[in-house]
Amino acid sequence: YTLHTLFPYTTLFRSYITSVFYRLNMNASKLLNRAMQSDRITILVGPTEKSFSIPETLLMQYSVPLGKMCQSEFKESQTRIIQLQEVKISTFKDFFMWIHVYELSVNAESFESVLDLAIFAEIYMIYHLKNQTSDILQAGFDDGRWELRPHDVSTVYNNVPSRSVI
């Protein structure tokens with residue numbers, strides 16, 4: 001027996017699945033293109049107010065709280081400027097790269113960098129980034145690269161909303 005005699009529709013099914021994934025990928029690509037071409041919003045980060053310019057629609061796709069600032073009665077929707085003075089510039093740079101390439105661009109050897117990015121993702125409800133940073137943190141603990149210290153636990157408790165999963 002061959003696969004085709006046992007399952008005569010295998011090739012047809014494979015073609016159908018391939019076409020579905022192709023269409024989904026094309027739709028995702030069109031959405032990303034549209035998001036990248038949307039109006040930009042300025043984000044001033046840290047106490048020195050380092051300026052970043054991000055497509056508004058792209059930001060809204062990943063962060064509900066930041067997106068609402070762009071669209072509501074908040075002053076940010078009028079001024080087109082969001083101030084994040086409490087966020088480290090290095091953390092926002094990591095997020096900025098991630099939102100544009102959808103891959104984590106953080107030094108996975110630096111526990112502090114990954115933890116800061118995880119806290120940022122938790123505060124601003126960036127679910128995909130939360131999952132990725134969680135995986136990196138778990139791997140670092142599992143392989144013994146990192147050890148959780150009381151100071152780290154305090155940092156998390158002092159910065160994330162109550163009922164947080166971190």
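Counting only residues at least two apart or on different chains, the salt bridge (charged side-chain N to carboxylate O under 4.0 Å, His left out) pairs with a member in residues 121-136 are E122-K130.
Two residues are said to be in side-chain contact when any heavy atoms from C-beta on lie closer than 4.5 Å; W146 and V114 meet this criterion. Between H100 and P55 the shortest side-chain heavy-atom distance falls below 4.5 Å. Counting heavy atoms from C-beta on, the side chains of H151 and T155 come closer than 4.5 Å. At a threshold of 4.5 Å between non-hydrogen side-chain atoms, the residues T57 and L59 do not count as touching.
Under a hydrophobic-cluster definition in which Ile, Leu, Val, Met, Phe, Trp and Tyr are linked whenever side-chain heavy atoms come within less than 4.5 Å, directly or via other members, Y157 and V87 are assigned to the same cluster. The hydrophobic cluster containing I99 does not contain M125, counting ILVMFWY residues as joined when their side-chain heavy atoms lie under 4.5 angstrom apart, directly or transitively. Cluster membership for Y127 and I123, using ILVMFWY side-chain heavy atoms within less than 4.5 angstrom, is not shared.
Annotation: the span from I82 atom CD1 to E56 atom CD amounts to 8.5 Å, rounded to 0.5 Å. In this structure, the separation between CZ on R80 and CG on D39 is 5.5 Å, given to the nearest 0.5 Å. Interatomic distance, R40 CZ to S53 OG, rounded to the nearest 0.5 Å: 5.0 Å. Between M69 atom CE and T79 atom OG1 the span is 10.5 Å, to the nearest 0.5 Å. Within the model, atoms CD of Q85 and OG1 of T48 stand 9.5 Å from one another, a figure rounded to the nearest 0.5 Å. Between T133 atom OG1 and I119 atom CD1 the span is 9.5 Å, to the nearest 0.5 Å.
Remark: V64 engages K68 in a side-chain contact (heavy atoms from CB on, under 4.5 Å) (not counting sequence neighbours). The side-chain contact (heavy atoms from CB on, under 4.5 Å) check on T42 picks up L44, S51, I81, with sequence neighbours excluded.
Residues R145 and A139 share a closest heavy-atom pair of NH2-C, 3.9 Å.
For F141, the CZ atom counts as densely surrounded, since its 6.0 Å shell holds more than 12 non-hydrogen atoms of other residues, nucleotides or ligands. For E147, the CD atom sits in a loose shell: 12 or fewer heavy atoms of surrounding residues, nucleotides or ligands are nearer than 6.0 Å.
Geometrically, K88 does not engage F92 in a cation-pi contact defined by less than 6.0 Å to the ring centre and at most 45° from the axis.
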Note to self: Working note: F52 + F95, criterion ring pair (Phe, Tyr, Trp, His ring centres under 6.0 Å); need CA distance, chi angles, decisive distance, verdict.
What the structure shows: CA-CA 11 Å; F52 293 85; F95 168 69; 9.4 Å; no

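Checked by atom type and distance alone, the side chain of N158 pairs as donor or acceptor with a backbone atom of S154 at under 3.5 Å. Panel note: side chain D94, backbone T91; no donor-acceptor pair is recorded below 3.5 Å.
Here the options are Y124, F120, W98, the test is ring pair (Phe, Tyr, Trp, His ring centres under 6.0 Å), and the partner is Y62; only W98 passes.
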